[in-house]
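Reckoned from all heavy atoms, side chains included, excluding hydrogens, waters and symmetry mates. In what follows, every chain begins at residue 1, and chains take the letters A, B, ... in the order their sequences are listed.
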Amino acid sequence: MEFDVVIGLEIHVQLATRSKMFSGASTVFGASPNTQACLVDLGFPGTLPVANREAVAMAARFGLATGGEIARRSVFARKNYFYPDLPKGYQISQFELPIVSGGSVEVAVPGTPPRQIELTRAHLEEDAGKSLHDAMPNATGVDLNRAGAPLLEIVTEPQLRSPEEASACMRGIHQLVTWIGISDGAMQEGSLRCDANISLRKPGDAELGTRTEIKNLNSFRFVERALHSEILRQADVLRQGGTIAQETRLYDSGLDTTRPMRDKEQANDYRYFPDPDLPPLALEPGFLEDLRGTLPELPQERRARFRSDYGLPAEDARRLCESRAAADYFEAAGKACGDMQLAARWTSGELAAALNRDGLDIADSRVSAGDLGVLLSRLRDGSLSGKLGKEVFQAMWAGEGSADDIIKERGLRQISDAGALEGVIDEVMAEHAEQVRQYREGNTRVFGFLVGQVMRATRGQANPQIVNELLRKRL
Amino acid sequence: MNNLQTPGNPKPAEDFSDEELLRVAQLTRLGLEEGEKEELISTLRRIIGFVQVLQQLDTGGVEPMVHPLDLVLPLRADEVTETDVRADAQACAPDVVDGLYRVPKVIE
Amino acid sequence: MIDFSLCGLRRALDAGDIGSVELTQACLDRIEERNSELNAFLTVCGETALDEARRADAGRAGGGPLAGIPIAHKDIFCTRGVRTTAGSRILDNFVPPYDATVVERLAQAGALLIGKTNMDEFAMGSSNETSYAGPVRNPWNLSRSPGGSSGGSAAAVAAGLVPAATGTDTGGSVRQPAALCGLTGFRPSYGRVSRYGMIAFASSLDQAGSITRTAEDAAMLLDSMAGHDPRDSTSAERDGEDYSGPLQGLKGKALKGVRVGIVKEFMDEGLEARCRQVFLDNMETLRGLGAVVTEVSLPRLPLSVPVYYVVAPAECSSNLSRFDGVRFGLREAGADSLDELYTRTRRAGFGEEVRRRILVGGWVLSKGYFDAYYLQAQRVRRLLAADFTKAFETVDLLAGPTAPAPAFGIGEKIDDPIQMYLNDVYTIGASLAGIPAISIPAGTVDGLPVGLQLMGRPFAETDVLRAAHAYQLETDWHRLWPPGASAPVGEA
């Protein structure tokens, strides 16, 4: 490649609180316009912000989970600018003293070894509302339901080297924030949005090139595609001897290009200053200790444990840890049946296929981890054959009952009792004397036929291993 | 009141230029009219000159006093306490259509 | 004979000497009679006040300490269903769907809202001349300013239109008009009274206060106004105290052993000579009450005005961004673009002084100037506050004049903002430090009232109120009425 790519991300994560960052209005998505914007959110004169404890706790959880430093004292500041979806004419954010500094996240592009990407900071702020440009003719409509929703803005160091790595980073953060329960991660509702800073430079150059910022990328795919298209654009400009303007750009997914935002204030002066309505946020050590106690085992730790304790291959461990719900499911099913590898195979095989087919999250699985565990136990103790196991699973998925009920109802219990099978074998041998003769004369190929006949006589319930053994003995 | 008035007859601040006035007026969205600029700039220069006396003071190591009280931020429980106030709130609004605040078309 | 003070009216109402309807109607009559010349009220709530008065007389209003007593609110406090303008064209049509905490608490105490008083636009001014609704006139001399920004409240109380009114004090906006109108103006400690629903000018300085006839009345209002408010994150985590109680039974050498420090920096040639004499006489009165009066120095105090005129504009430039013509208030018609909507609305909606302060504030916060101006001012503010802390190690109260001279003429200073700003030098220090301060009537010069200011330690409201009350027990300045004015009830 002619240029090295340098990418940094600013990821806005909507925190999963019930109420807003600075008001008691609901954060539930999808309400009628402006029905969830209270007087504080609307910036009515004289109204004042009061900070949400849970949002603070969630930001601190993120800091703990990424190994960042959580400030004992951080400061809310006003970022001043005019926009119709910004009711007060300023956004309450954090500037000089954010709640979290440093830390890192593991980023893995499929097929390459994971890398640790360092975080610059993560800070709390309130969201703006939505400007709807197509809701009315020749005018813009403003819905302030989202105004004041709590956001955690996570800023990475410019250490990402490709669009793929950038989207993997966004995925990694998505996984982490849902894992530690601070966001619902609902991409389609805008719960995770990303601005990407990107610059190119000649390999070996020490200085970073001039960067552009692409705003409002709200899916993993768009991050990748927008960055690809911006790389091509910047490379073209540089190749022709041009210079890159430091500017904010928007990605047009229809045209698959980026274009500069039509904002007169490209070099905006936000006039940040500490919000006089909000004293400094001070966290007591006890608050952090309590939070640390509630922090779940993190994805990286869990992946490592799945590999070391259960002997799972790296790729399986990664897949099972894509979400905390999947990892929990797998471990519960494994513990219920006593065979982690078997549980791993079924969780990422039969179960994943069924979820995928019905478009369900694992949290909404029609078969619980415990029930799957029982089914897997039947496979392990030999009372169900592998083939019938799948049939039973599908019946469970269809809601026909527990594994044991279905096995019983359908009479699928595997027959491993030698006494019972010997009788059947005798009958089959009597019925097929010709094949018995051929076998005994050396035509061993008919063995399979005879096994098949036994299976047929038992409607598939015979344990094939035992049938094999007994038949060979009798022949 | 000599010592109190020391800053009373300040030198007008030279670094507040016409461009500065236009820049700040744009940032704060105050529409200026041609006729008022000259007088405004001379008044603002005097005001800024008046407050420049502060820069003579050595304040090394002094923490800015953003709040008069040494408070820490109170934190409220994460509870929904507000109900829908759209009807009341929008009764104050100059232009609302279908529950949306209407503004001139914004082009991003 | 009914004493037209809150305490006096409480006694008269309880004794049945007067009814709330009679009282309220008398006030409404006075407003009707005098408001066109004074311009003290922007909105009068006659019907609702009388309805409430009838309920109070029928005993259905509950028995709060202010039950049945009409009061006025400065038009900076949001009042549910009652137009609230902050003296600005931009809020000319604004009817808030909510009450400020102060309004709510005083209503709970039984007070009747009789109307909203004129003020400098967004409280930015010391003369009440920046109001969109025009200047207020001083009842002592109609060609003079009542001071500001709570000038409407001061004029209304001084002329006997209402027994008491709320005000707000950012840099002296309660104390200075009280001084210029011969009244008691009290600014509690920052954080003592909730700012919720009070239209913000400079958030780290704004504090709700009162304009009353006596210190006892100020205590009575504060009993109801003060106390922690979970809706204001800068509200002190303290319960309101009993402020009236400690004023009971003061007599004789009521200030025995109280150490009063004359602020040296106030006593220079900027103070009008006869006002200086009034002040020195006031100190003798305090000595006569047993106080130990000495002189103390607050060396950084002369910088308080420049500090204030950086910090207050900075905060106001941000606080006033919400007035953008989108969700409430004025929207100037004919804008084709968003930018035009903003600039046309804000140009039409804000007056000259407000625009000046927004520009100064925007500039001191902007890139390249933030540190040298805004942060530097806040650093000097801390040094200044430290001067106060140090002074309070040796004295219990600080004393000074409230204003350099009696009421000045309307139009006299408005063209020179810096001269106007310097007028605030006596009051701004306490605002920056966030300490309680009171101005009480202390004499006259040329027939115009002059105020004495007393300041106390943070949250030592009671020290300040006790000293003021002791002074008022000893003197009669607070009983003076402007020429031609009198109490609307109870005159023989």
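No other option in B:Glu79, B:Arg76, B:Lys105 has as many heavy-atom pairs under 4.5 Å with chain A as B:Arg76. Of the listed residues A:Leu281, A:Asn80, A:Asn34, the one with more heavy-atom pairs under 4.5 angstrom with chain B than any other is A:Asn34. Per-residue counts of heavy-atom pairs under 4.5 Å with chain B were compared for A:Ala139, A:Pro280, A:Gly89, A:Pro279; the largest is that of A:Pro279. When B:Val96, B:Thr81, B:Asp88 are compared by the number of non-hydrogen pairs under 4.5 Å with chain A, B:Thr81 comes out ahead. Taking chain B as the reference chain and counting heavy-atom pairs below 4.5 Å, the highest number among A:Pro33, A:Pro274, A:Ala135 is found for A:Pro33.
Contacts between A:Asn138 and chain B at a heavy-atom distance below 4.5 Å involve the backbone alone (N, CA, C, O). A:Met58 does not touch chain B: none of its heavy atoms, backbone or side chain, sits under 4.5 Å away. Residue A:Thr27: no heavy atom, backbone or side chain, is found under 4.5 Å from chain B. Of the atoms belonging to A:Val56, it is side-chain heavy atoms, and not backbone ones, that fall under 4.5 Å from chain B. A:Leu250 touches chain B through its side chain: at least one heavy atom from C-beta onward sits under 4.5 Å away, while N, CA, C and O do not. Contacts between A:Ala51 and chain B at a heavy-atom distance below 4.5 Å involve backbone atoms as well as side-chain atoms. When heavy atoms are compared at a cutoff of 4.5 Å, A:Thr17 approaches chain B by way of both its backbone and its side chain. Residue contact with chain B, scored on non-hydrogen atoms closer than 4.5 Å, is absent for A:Lys215. When heavy atoms are compared at a cutoff of 4.5 Å, A:Phe273 does not approach chain B at all.
With salt bridges taken as basic N to acidic carboxylate O contacts below 4.0 Å, one links A:Lys88 and A:Glu126. Using a 4.0 Å cut-off between a side-chain N of Lys or Arg and a carboxylate O of Asp or Glu, A:Asp127 and A:Arg193 qualify as a salt bridge.
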Please determine whether salt bridge (Lys or Arg N to Asp or Glu O under 4.0 Å) holds for the pair A:Asp41 and A:Lys20, giving the CA-CA distance in whole Å, both sets of side-chain angles, and the decisive distance to 0.1 Å. CA-CA 9 Å; A:Asp41 305 329; A:Lys20 291 189 178 170; 3.1 Å; yes

Does the salt bridge (Lys or Arg N to Asp or Glu O under 4.0 Å) test come out yes or no for A:Asp275 and A:Arg78, once each step is laid out? CA-CA 6 Å; A:Asp275 192 331; A:Arg78 294 184 181 180; 3.1 Å; yes

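For CG of B:Asp98, the number of neighbouring non-hydrogen atoms (other residues, nucleotides, ligands) closer than 6.0 Å is 12 at most.
Below 30°, between 30° and 60°, or above 60°: for A:Tyr272 and A:Phe95 the angle between ring planes is below 30°, a parallel geometry.
A:Lys79 forms a cation-pi arrangement with A:Tyr270, by the criterion of a distance under 6.0 Å to the ring centre and an angle within 45° of the ring axis.
At least one side-chain heavy atom of A:Phe287 sits less than 4.5 Å from a side-chain heavy atom of A:Arg53.
With values rounded to the nearest 0.5 angstrom, A:Leu278 atom CG is found 10.0 Å from A:Gln94 atom CD.
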